[in-house]
Amino acid sequence: MSALDISVTPNEDPTPDARVAEILADPGFGVSFTDHMVTVEWTPEQGWHDARVTAYGPISLDPATAVLHYAQEIFEGMKAYRHEDGSIWSFRPDANGERLRRSARRLALPELPVEDFLATITALVEVDQRWVPDAAGEKSLYLRPFMFASEAFLGVRPSKHVTFMVIASPAGAYFARGVKPVSIMVSEDYTRAAVGGLGAAKTGGNYASSLAPQSEAIARGFDQVVFLDAIERRYVEELGGMNLYFVHDDGTIVTPELTGTILEGVTRASIIDLAGTLGHKVEERRVTIDEWRDGVTSGRITEVFACGTAAVVTPVGVLSSRAGEVDSSHDGEAGPVTLAIRQALVDLQYGRAEDTFGWMHRLV
Ligand code: COI
C-alpha cells in the first residue's frame, strides 16, 4: 500500500473528445500530452509529500533551480496498454520503480518507494484513461516519470528540495518507418559512459551526451549511433536509448553483459526470459565490434536487433564504421527471430498471450 495521499484536481478545460480521437489516430512519439500530470514534493524534513494530480501545464522554476545547473535528474520510460476488453495494463512497472530507486541512489536523489511510484502511475492513468489508445496498431500511452533537484541554490550538493512528476503522451511507433531495419554508425570519437560513471543510471546527462554523436550519424545518413566501451574502445555497449541483441546461426542470442556502463533495460531483461521460452539459448557477455562485423560477414550472426520501451524490438541493418560496412538485414527487412521475439513481447503486453511470468499489472 502506498503511503502517499494523492489529491486529484480535474483539468477544468480538458481536450475535446474529437481532438483526442484525432491525436490517437496518429500519435507519433512524444509530441502530444494528456490533460493531467502528477507532482510529488520531497524535503529532508517532510519526506515525500503534497502528491497531486492537476491539469497538465507549464511549471515555473526559479532560474537558480539546481537541476538547470548541475543536471541532478533521473527519469523512467514505460507504457500503458489497452487490452481487447478495454482494461488498461502496464508491463513490469515494479522493474521501472526499482530502477528509478537505483538511479536515485547514483544521483544522490531521494528514493521513492516502489508502491508510491505505482500509485502515482495508476492515479494518472485513471484520470487520463480516455488517452490510452485502442489495442489495434500497437499504440500505447507512454508514461514518463521523472525526478529533479528543485531547490533554488547554486552550491554543488544534493538538493534539499526534490520534485517527482509523471506525464503521459500517446505513442505510436518510435521510428517513423515502423518495423524496418535501422542503420547504425559506430561512435569512434565519443563514448557514452565509463566504469564508475553514470552509464547504468537513467539520467538526462547520458542522453545529452549522445546527441552530438547521434547528430553526426544522422548527418552522414544513419539512423542511430552505437557506443563502445570507454577503455578499450572495442566492446559494444548500447545505442544510447536502446540495448542490443545478436542472433547467431545456431539460434543463440547474445546481449552485451551489464558492466555498470549500460542501461539495465526492462525490455532487455524481459527478452532474456522470453527468448528462453521460444527455445533460444541466451548469453550475456562482452561482444566486440569486430565480432559483430566479422559475424555478419561470415554468417555466424544472422540478425541484430535493438530494444527498449519506446522502440520495443527494432531490427538493425547496416553497421558502418571506418573499417567498412556490413548489413545484417534480410534484404532490407527484419529477420524471423527478431520478428518472433517482438511478436511474443507485444502479444504479452496487449494481453493476447498468457502472462506466464506475471509481468502485467492492471492499472484500470
Ligand atoms: C524508453 O525506451 O522508454 C526510453 O527511455 C528511451 C528514449 C525514448 C529516451
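Both counts, for ligands and for their atoms, begin at 1 and track the order of listing. Numbering starts at 1 and runs along the sequence shown.
- Residue pairs meeting the side chain to side chain donor-acceptor pair (under 3.5 Å) criterion with at least one member in residues 1-13, sequence neighbours excluded: Ser2-Asp116.
- For the pair Thr191 (side chain) and Asp229 (backbone), a donor-acceptor distance under 3.5 Å is absent.
- Between Trp359 and Phe91, the ring centre distance stays below 6.0 Å.
- Atom 6 (C) of ligand 1 has as its closest protein heavy atom Gly241 O, 3.6 Å.
- Geometrically, ligand 1 and Tyr174 share no nitrogen or oxygen pair separated by less than 3.5 Å.
- A salt bridge links Asp35 with Arg130: at least one charged nitrogen is closer than 4.0 Å to a carboxylate oxygen.
- The protein non-hydrogen atom at the shortest distance from atom 2 (O) of ligand 1 is Ala310 N, 2.8 Å.
- The protein heavy-atom contact nearest to atom 3 (O) of ligand 1 is Tyr142 OH, 2.6 Å.
- At under 3.5 Å, not a single nitrogen or oxygen of Tyr207, backbone or side chain, sits near a nitrogen or oxygen of ligand 1.
- Distances shorter than 4.0 angstrom occur between a heavy atom of Lys202 and an atom of ligand 1.
- Applying the 6.0 Å contact sphere to CD of Glu84 captures no more than 12 heavy atoms from other residues, nucleotides or ligands.
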